[in-house]
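Below you'll find the structure, written out as structure tokens, and then a few comments.
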Amino acid sequence: MTDRKNVRPTAELQAADLAHHLHPFTDHTELAGEGGPRIITHGEGVWLWDSEGRRLLDGMAGLWCVNIGYGRPELGEVARRQMDRLAYYNTFFKTSHEPVVELSERLAGLLPDGLDHVFFANSGSEANDTAVRLVRNYWARHGQPERHVIISRRHAYHGSTILAASLGGMASMHDIPGIPVPGIVHAEPPYSWEAGADLDDPEFGARAADAVEEAILRAGADSVAAFIGEPVMGAGGVIVPPPGYWKRVQEICDRYGILLICDEVICGFGRMGEWFGAQSYAIRPDVMTMAKGLSSGYQPISAVAINARVAEPLLDRVGRFPHGFTYSGHPVAAAVALENLDIMARENLLGHVRVTAAPALQTGLATLRDHPLVGEVRGAGLVAALELTADKASRRPFDPAGSVATRVRDLCFERGLVTRAVREGLVFAPPLVISQDEVGELVTILKSCLDDVWAAL
Ligand SMILES: *Cc1c(COP(=O)(O)O)cnc(C)c1O
């Protein structure tokens with residue numbers, strides 16, 4: 001085990017961080033007011049430690065990505081071997097290497113039938129950017145360049161490049177001039193809590209799916225290239241599709257001949273108890289984007305898989321697809337991803353999620369349903385959300401909006417649990433390796449924080 005202590009004292013690291021490091025999605029004045037960031041030193045399983053020696057249960061698997069848990073020595077060994085042998089070579093100019101060939105083949109074997117070709121990138125954002133280029137390329141090669149509009153959904157998260165942020169449906173991310181870019185139309189999401197509907201109501205499922213059709217018609221059906229959606233919406237607040245939703249969305253896409261892109265960046269690689277969320281919801285995507293759990297965050301790598309329909313213009317027609325990244329199919333990242341997939345298979349992590357972890361998390365959180373602060377508990381597989389409310393009957397938010405969720409989140413942090421606040425809710429996506437006892441600890445800490453925030457209101 002390598003040394004886990006930082007070289008420099010915490011206060012010095014925090015000062016240097018505040019002086020020079022810009023953090024994603026962070027209010028830097030708030031961060032400065034708090035004296036700087038918490039410095040994380042190491043991780044083991046579902047646990048993190050900070051530089052003050054405090055232990056945290058990571059209820060978020062980093063950013064929904066550390067599926068196999070922290071501190072796996074095998075991945076470092078594989079990375080080291082690959083760096084020694086071939087640290088880098090590109091895949092642009094009719095060259096390849098063993099790790100990327102093997103990973104492509106492995107993914108084709110795991111992916112739902114028909115998704116046989118894989119393009120690599122480095123992040124979920126780049127994968128979604130690539131997916132949009134692929135579907136627009138498809139329609140252009142079929143003589144319909146005007147079919148370029150992508151239907152997405154409000155509250156969706158598809159990443160943070162200009163295109164990915166535009167695909168996303170978070171108002172706060174559209175607060176920069178030029179975003180969203182033209183050619184994107186947002187449909188209403190299947191968000192029963194917000195819509196005042198019942199989570200399990202099939203009638204709401206049908207109505208929510210029809211919102212996708214409305215968006216298609218609003219854009220003009222002849223101009224729509226594709227619909228993009230996460231099987232379960234993650235960063236937008238763990239919005240779980242109501243019964244019948246995906247079946248109907250699939251029918252709508254089929255009816256208008258529109259390509260279906262599944263963003264599996266969170267749902268993929270075991271989080272739903274299957275390799276992919278599309279399998280859990282019987283979706284037949286033409287394009288699938290993956291990142292996060294593909295390497296469990298041990299290396300940055302993402303991928304886009306396409307079926308024969310979308311691949312045909314690339315494989316059977318003359319002309320290049322003018323797109324790619326220096327690090328597309330990076331050999332070290334590919335080797336690490338392969339080892340990560342090996343570990344998932346060897347340890348039957350999908351089975352663990354289905355049989356143990358997901359039922360423990362969902363039933364554990366369900367015990368908080370009657371808490372005076374909790375309006376709704378929802379989830380699927382190993383993602384879940386608690387929706388907090390000032391009034392259960394009217395679903396009224398708190399004033400100021402989101403203030404109670406952030407208070408509970410901050411208190412959880414103090415008591416050793418990492419969760420994340422989204423609007424009025426708290427979301428959870430622990431590493432897939434979480435044990436039943438660890439889920440118990442998560443629920444116990446969370447309940448104590450809800451109780452104490454409630455008592456103080
Ligand atoms: C995280 C995320 C992305 C973006 O991935 P990055 O690697 O941060 O670019 C895209 N889609 C979904 C569903 C995500 O959760």
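Just so you know, these numbers come straight off a predicted model, no measurement behind them. Order of listing sets the numbers, starting from 1, for every ligand and every atom in it.
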Task: Non-hydrogen atoms of Phe120 and Leu107 that approach each other most closely - done: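 Minimum heavy-atom contact is CE2-CD1, 4.0 Å.
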
Open item on the list: Against Glu251, only a single residue in Arg255, Arg248, Lys247 fulfils salt bridge (Lys or Arg N to Asp or Glu O under 4.0 Å); can you say which?
Closed with: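 Going through the options one by one, the only one that passes is Lys247.
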
Task: pair Phe428-Val383: side-chain heavy atoms closer than 4.5 Å - done: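 No; the side chains remain at least 4.5 Å from each other.
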
Open item on the list: Using a 6.0 Å cut-off, check whether atom CZ of Arg346 has over 12 heavy atoms from anything other than its own residue.
Closed with: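 For Arg346, atom CZ is crowded (more than 12 foreign heavy atoms under 6.0 Å).
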
- [ ] Just grab all the ring pair (Phe, Tyr, Trp, His ring centres under 6.0 Å) pairs involving residues 156-175, residues at least two apart or on different chains.
- [x]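 Sorted result for residues 156-175: His174-His186.
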
Task: Shell of residues surrounding ligand 1, defined by a 4.0 angstrom heavy-atom cut-off that is strict - done: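 Lining ligand 1 at under 4.0 Å, by heavy atoms, one finds Ser123, Gly124, Ser125, Asn128, Tyr157, His158, Gly159, Glu230, Asp263, Val265, Ile266, Lys292.
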
TODO: Using only heavy-atom distances, determine whether the side chains of Arg154 and Tyr191 contain a donor-acceptor pair under 3.5 Å.
DONE: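 Absent: no donor and acceptor within the cut-off.
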
